[in-house]
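Written below as structure tokens is the structure these notes are about.
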Amino acid sequence: MRLRVPDVLSLQQGETRVFQYPTAYGDMQGFVIRHNGELRAYENKCRHWPIPLDYGDGDFYFASADRIVCKTHGAMYDPATGECDSGPCAGQSLTAFPLELTGEDAWVEVPEP
Ligand code: FES
């Protein structure tokens with residue numbers, strides 16, 4: 001299913017817009033991040049433990065390392081690919097969602113519930 005995530009065009013480097021989507025197991029979260037001029041969408045779930053990457057604050061980007069970080073145990077993910085290159089789940093990847101920009105909004109393709 002496609003979800004509209006509003007006002008992503010204004011995001012600056014490392015800024016994110018969190019969105020919710022329904023699954024068979026309840027609502028899940030994803031986020032859109034701007035990184036080096038590109039917008040990407042990922043599931044907000046660490047590959048180490050099935051918990052959110054942030055602390056519910058929508059803050060995912062660790063600028064000095066140029067990485068998306070899991071705040072619980074410090075896994076680092078490349079914002080361009082979603083691949084974890086440091087931490088307990090090194091070699092695994094965030095789940096990425098296809099994203100299409102329309103005007104100032106993103107349309108993100110998430111799995112059907
Ligand atoms: S839960 Fe994310 S690194 Fe452990």
Side-chain angles (χ1 to χ4, degrees):
M1 63 185 287
R2 270 163 59 94
L3 290 177
R4 186 174 73 90
V5 183
D7 192 27
V8 298
L9 197 59
S10 63
L11 293 174
Q12 302 297 307
Q13 171 80 355
E15 289 184 340
T16 58
R17 190 81 70 228
V18 174
F19 58 90
Q20 309 261 352
Y21 61 97
T23 76
Y25 309 102
D27 281 356
M28 283 292 297
Q29 264 192 0
F31 60 98
V32 173
I33 184 167
R34 181 178 289 281
H35 180 254
N36 293 348
E38 301 289 330
L39 292 165
R40 302 185 192 284
Y42 294 111
E43 182 183 40
N44 181 11
K45 188 168 79 176
C46 188
R47 304 314 295 185
H48 176 219
W49 286 0
I51 58 175
L53 299 161
D54 63 342
Y55 285 153
D57 53 10
D59 180 23
F60 297 86
Y61 184 64
F62 185 31
S64 62
D66 188 30
R67 288 292 180 267
I68 294 167
V69 65
C70 174
K71 289 184 171 173
T72 300
H73 303 120
M76 300 274 193
Y77 296 91
D78 184 339
T81 63
E83 184 175 327
C84 178
D85 54 13
S86 173
C89 43
Q92 300 183 62
S93 293
L94 296 175
T95 299
F97 301 127
L99 179 156
E100 183 183 329
L101 187 65
T102 303
E104 299 185 349
D105 303 335
W107 287 92
V108 177
E109 187 76 37
V110 297
E112 293 292 332

Has the side chain of Q29 got a donor or acceptor atom that lies under 3.5 Å from a matching backbone atom of E43? no
Where does the angle between the aromatic ring planes of F31 and F60 fall among parallel (under 30°), tilted (30 to 60°) and perpendicular (over 60°)? parallel
Output yes when a side-chain donor or acceptor of R47 lies under 3.5 Å from a complementary backbone atom of Q92, and no otherwise. no
How long is the straight-line distance from CG of D59 back to CD1 of I68, given to the nearest 0.5 Å? 11.5 Å
Check: Y21 ring centre within less than 6.0 Å of F97 ring centre: yes
Please test C46 against Y77 for side chain to side chain contact (heavy atoms under 4.5 Å, CB included), starting from the C-alpha separation and ending with a verdict. CA-CA 10 Å; C46 188; Y77 296 91; 3.3 Å; yes
Side chains of D66 and Y61 only: does a donor on one sit below 3.5 Å from an acceptor on the other? yes
Hydrophobic cluster membership, with links at side-chain heavy-atom distances under 4.5 Å among I/L/V/M/F/W/Y: are F19 and I33 in one? no
Rounded to the nearest 0.5 Å, how far apart are CG of D54 and CG of N44? 4.5 Å
State yes or no: do V32 and L9 share one hydrophobic cluster built from I, L, V, M, F, W and Y residues joined by side-chain heavy-atom distances below 4.5 Å, directly or via other members? yes
CG (D78) and CG (L94) are apart, to the nearest 0.5 Å, by 10.0 Å
To the nearest 0.5 Å, tell me how far R17 CZ sits from E15 CD. 7.5 Å
From CA spacing to verdict: side chain to side chain contact (heavy atoms under 4.5 Å, CB included), Q20, M28: CA-CA 6 Å; Q20 309 261 352; M28 283 292 297; over 6 Å; no
Working to the nearest 0.5 Å, report the span between NZ of K71 and CG of L53. 10.0 Å
G37 versus R34, closest heavy-atom pair with distance: O-NH1, 3.1 Å
Tell me whether the count of non-hydrogen atoms from other residues, nucleotides or ligands lying under 6.0 Å of CH2 in W107 goes above 12. yes
Backbone N/O of S10 and side chain of Q12: donor-acceptor pair under 3.5 Å: yes
Please check if L99 and Y42 belong to a single hydrophobic cluster, counting links between Ile, Leu, Val, Met, Phe, Trp and Tyr side chain heavy atoms closer than 4.5 Å. no
Say whether V18 and F62 are linked into one hydrophobic cluster, either directly or through other cluster members, by side-chain heavy-atom distances under 4.5 angstrom. no
What one should report as the nearest heavy-atom pair of E83 and S93 is CA-OG, 3.5 Å
Inter-residue atom distance M76.CE - C89.SG, 0.5 Å rounding: 11.5 Å
Is L101 reachable from V108 through a run of I, L, V, M, F, W or Y residues, each pair having side-chain heavy atoms under 4.5 Å apart? yes
Could you tell me if the side chain of D85 sits less than 4.5 Å from the side chain of R67, heavy atoms only? yes
Donor-acceptor check, side chain of K45 to backbone of T95, threshold 3.5 angstrom: yes or no? no
Is a side-chain donor or acceptor of E112 paired with a backbone partner of M1 at a separation under 3.5 angstrom? yes
Measure from the side-chain N and O atoms of R40 to the backbone N and O of A96, and report whether any donor-acceptor pair falls under 3.5 Å. no
